[in-house]
Participant: 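Pasting a structure below so you can have a look.
Quick note on labels: first sequence line is chain A, next is B, and so on, each numbered from 1.
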Amino acid sequence: MAAGVAAWLPFARAAAIGWMPVANLPMPVAPTEKNKRQDELIILNVSGRRFQTWRNTLDRYPDTLLGSSEKEFFYNEETKEYFFDRDPDVFRSVLNFYRTGKLHYPRYECISSYDEELAFFGIVPEIIGDCCYEEYKDRKRENAERLMDDQEDNKDAKLPNMTFRETMWRAFENPHTSTMALVFYYVTGFFIAVSVITNVVETVPCGSAPNQKEVPCGERYTVAFFCMDTACVMIFTVEYLMRLFAAPSRYRFMRSVMSIIDVVAILPYYIGLVMTDNEDVSGAFVTLRVFRVFRIFKFSRHSQGLRILGYTLKSCASELGFLLFSLTMAIIIFATVMFYAEKGSSSSKFTSIPASFWYTIVTMTTLGYGDMVPKTIAGKIFGSICSLSGVLVIALPVPVIVSNFSRIYHQNQRADKRRAQKVQKARLARIRISKTGSSSAFLHSKRNGLFNEALELTNSTEDEQRLSKSTSLLESQHHHLLHCLEKTTNHEFVDEQYYQQSYLEAGLQNYPSRSPSLSSQDGVTGTCCTRRSKKHHTPLPNASAPAHMQPLTHTHTHPQGLQELSTIHIQPLSTSRSSLNMRVDEPAPLNCQSSQITTAIISIPTPPVTTPEGDAHLPAGPTHQNVVKVSAL
Amino acid sequence: MDAKRVETISARVDAAVSSSDSVEDELELSAVRHRPEGLEQLEAQTRFSRKELQILYRGFKNECPSGVVNEETFKDIYSQFFPQGDASTYAHFLFNAFDTDHNGSVSFEDFVMGLSILLRGTVQEKLNWAFNLYDINKDGYITKEEMLDIMKAIYDMMGKCTYPVLKEETPRQHVEVFFQKMDKNKDGVVTIDEFIDCCQNDENIMRSMHLFENVL
């Protein structure tokens, strides 16, 4: 619960009077303030600077140093003030947090000293307000990076217990870890370059003997080139196998892009080995050699920029797709038009619409080879329209792609921004948790509160002392308010998982008939039935419903061996005048329609609950109590 | 409650002259400040002691530095007490109940008068206040629709995760029970007399009226 509104708790409680006439159940007792003190000023002396505030202000956050009894350790008897030997400047922010409920981070403050002060006073940094949070996180990240850089400089020893496989993988992924890795990195790079150059040079026509026509070098020096090729492929194969061996998840490695490129790079060679002399497939074999050019993509392991480019293209897929689509549309339109426009002219190159595609593409991209030109007037007119529109169609999606690329590039440059976004999610999750913390605090203390009241019943004082948790008065008042709301609406607050659990459970169970109220007496508990069960209740013992009263007991053992409270759920069946075989498929097992109530279970503890007509008897005793209060309405 | 002084910093003349109204309106809103009447007057009008008024005002001013609460802030504050559900509808009704002069904002006087009734008033006054809360259109009768609205608002505060699971017709049933109890002459509306009568005869309600007396 936020601090500032702690002052409004009296108002919220007073407004609860609005529920009273509507409620059908009696309200729980309000928590009494046993030792109500008049609000007093307390003096906090922080390294000589005196701050003063109300005691209530500090009590708003009982889980911090100043809000709890921990500050008594710092109480100075002679001067009647609390003395802290800390930084007074940062203390300003800390005290303002109590006053306003918002924690601010001053820009001039060093991040580590601020963190230290917060830790000293028991304040979690996550609650820094949104106005200052980004700054705080930025500074924190810079600090962390600085620390990491320092660490990396000092770090040259390997982590002690890494298997050989892990070291190999680490060496492959990050060449700077060891000299062996670096050597390997450069060697493979060299061989990739050699392989690519070989492929290229193979096709260059070398000088030839005068009476022979020019042959490419590949055919002249077949053996040499073959040896080079073999050497490169050997290296690549070994590298691939080593990576495969070292990969932590081989399946995932084999599916990754880089490994596919590796395979594609070396496969043609092996296929070529297998089927050398077969004339029929030699044509196919030649095609396969084209794939050798993919070796150049192996460079992407060596170049960060290439990887970024690939990633950009992948992420701009939709824009590229749109570009392609719009171009295709335009090409088809203009090709059709040009074809029909040039149909009349003789010796026209526009023999068919697909043939016109070539003209359209060349014109739209403003290439203009000139191998196909329109000759008719109409053709020329449409041709000019085509070239003008080509500029437009291409010019429009391209800036989108360019901006995408630059955005991704900068994002990659500051890869930590991605880390920050994850942290933001974590922060929101933490804030959400702390918010739900207040509701779970209520549920938690409800359980404790029930135990407290049960103890009061049985007059065991020692246990009471043991159990009295130090919830602040504020909290207990807030919980009392929520309790009143529960009573008004006759429903209970439960936490997420219990709710889902009961939802599921109830869906699984089929309850037999609903009987109308045996006697709808207007007891104090007018309408529905409630079932109180403790938080950690064991799942419903599946009731095989006999034809009469069926108790379903839930027992719950408290670790300290206190009195157990269990609820008895009684469900009378059969003797019903109305439809016997009506199945109840509703979520909550005991949900009752207006005039068809069956049971009322009242669990013990609240003493002011003088439940209706049931006879209340409380068997005293140690564990395993069955407290039964039954009232059939 | 008549001596309310509202000071606006931006002069009305300027507002009339300047072009963009929305900016001026915003300036006006943010500059509206409200100073309550003096402590003695409030002491006389309410049943709070001087010290209690001081404590109340400090809390009030802390949350609303401008001195008045508008409905949004009111809803925000009230919602913080009920994290699991949606308290805004009920807060709306509460706001209308507190804002006795219906000017769209609750000043400290409104606030303290309301609290005085709720915490220190007689049972009659409290019931009167509750009736006023339920009677949304302030015509002196609580109809079933009005009651249904209120009931839904109350159930909304419970939120989703309740046990037993909240059903659609639960508020309606509750309203039926309420009317069965309160509407003596079965004319479909509850008047103030029926209401007070019935509540006074109901032990539980009587007892719960005294529940919050030691709140401050």
Participant: Whether the side chain of B:Tyr155 engages the backbone of A:His491 through a donor-acceptor N/O pair (distance < 3.5 Å, no angle test) should be reported.
Facilitator: no
Participant: Select one option (side chain, backbone, both, neither) describing which atoms of B:Met206 are under 4.5 Å from chain A's heavy atoms.
Facilitator: neither
Participant: What part of B:Lys160 lies closer than 4.5 angstrom to a heavy atom of chain A: side chain, backbone, both or neither?
Facilitator: both
Participant: Considering only heavy atoms, which portion of B:Val112 lies under 4.5 Å from any heavy atom of chain A: side chain, backbone, both, or neither?
Facilitator: neither
Participant: At a heavy-atom separation under 4.5 Å, does B:Phe179 approach chain A through its side chain, its backbone, both, or neither?
Facilitator: neither
Participant: For B:Tyr141, is the OH atom crowded, meaning more than 12 foreign heavy atoms sit under 6.0 Å from it?
Facilitator: no
Participant: Are B:Met158 and A:Thr489 close enough that some pair of their side-chain heavy atoms sits under 4.5 Å apart?
Facilitator: yes
Participant: Is the A:Phe11 ring parallel, tilted or perpendicular to the B:Tyr78 ring (thresholds 30°, 60°)?
Facilitator: perpendicular
Participant: Which atom names give the shortest non-hydrogen contact between A:Pro21 and B:Met182, and what distance separates them?
Facilitator: O-CE, 3.9 Å
Participant: Going from CG on A:Leu485 to CD on B:Gln84, what distance comes out if it is rounded to the nearest 0.5 angstrom?
Facilitator: 10.0 Å
Participant: In the structure I gave you, are the side-chain heavy atoms of B:Met157 and A:Trp19 within less than 4.5 Å of one another anywhere?
Facilitator: yes
Participant: From B:Thr162 OG1 over to A:Asn490 CG, what is the distance, rounded to the nearest 0.5 angstrom?
Facilitator: 11.0 Å
Participant: Atom CG in B:Leu115, atom CZ in A:Arg13: separation rounded to 0.5 Å?
Facilitator: 12.0 Å
Participant: So which residue, B:Phe93, B:Phe82, B:Tyr134, ends up with the most heavy-atom pairs under 4.5 Å with chain A?
Facilitator: B:Tyr134
Participant: What closest approach, in Å, do B:Phe81 and A:Leu482 show between heavy atoms, and which atom pair accounts for it?
Facilitator: O-CD2, 3.6 Å
Participant: Looking at every heavy atom in both A:Ala14 and B:Leu119, which two are closest together, and how far apart are they?
Facilitator: CB-CD2, 3.6 Å
Participant: Decide if atom CD of B:Glu203 counts as having more than 12 heavy atoms of other residues, nucleotides or ligands within a radius under 6.0 Å.
Facilitator: no
Participant: Which bit of B:Ile154 is near chain A, if near means a heavy-atom gap under 4.5 Å: side chain, backbone, both or neither?
Facilitator: both
Participant: Go through the atoms of B:Arg58 and report whether side chain, backbone, both or neither lie under 4.5 Å from a heavy atom of chain A.
Facilitator: side chain
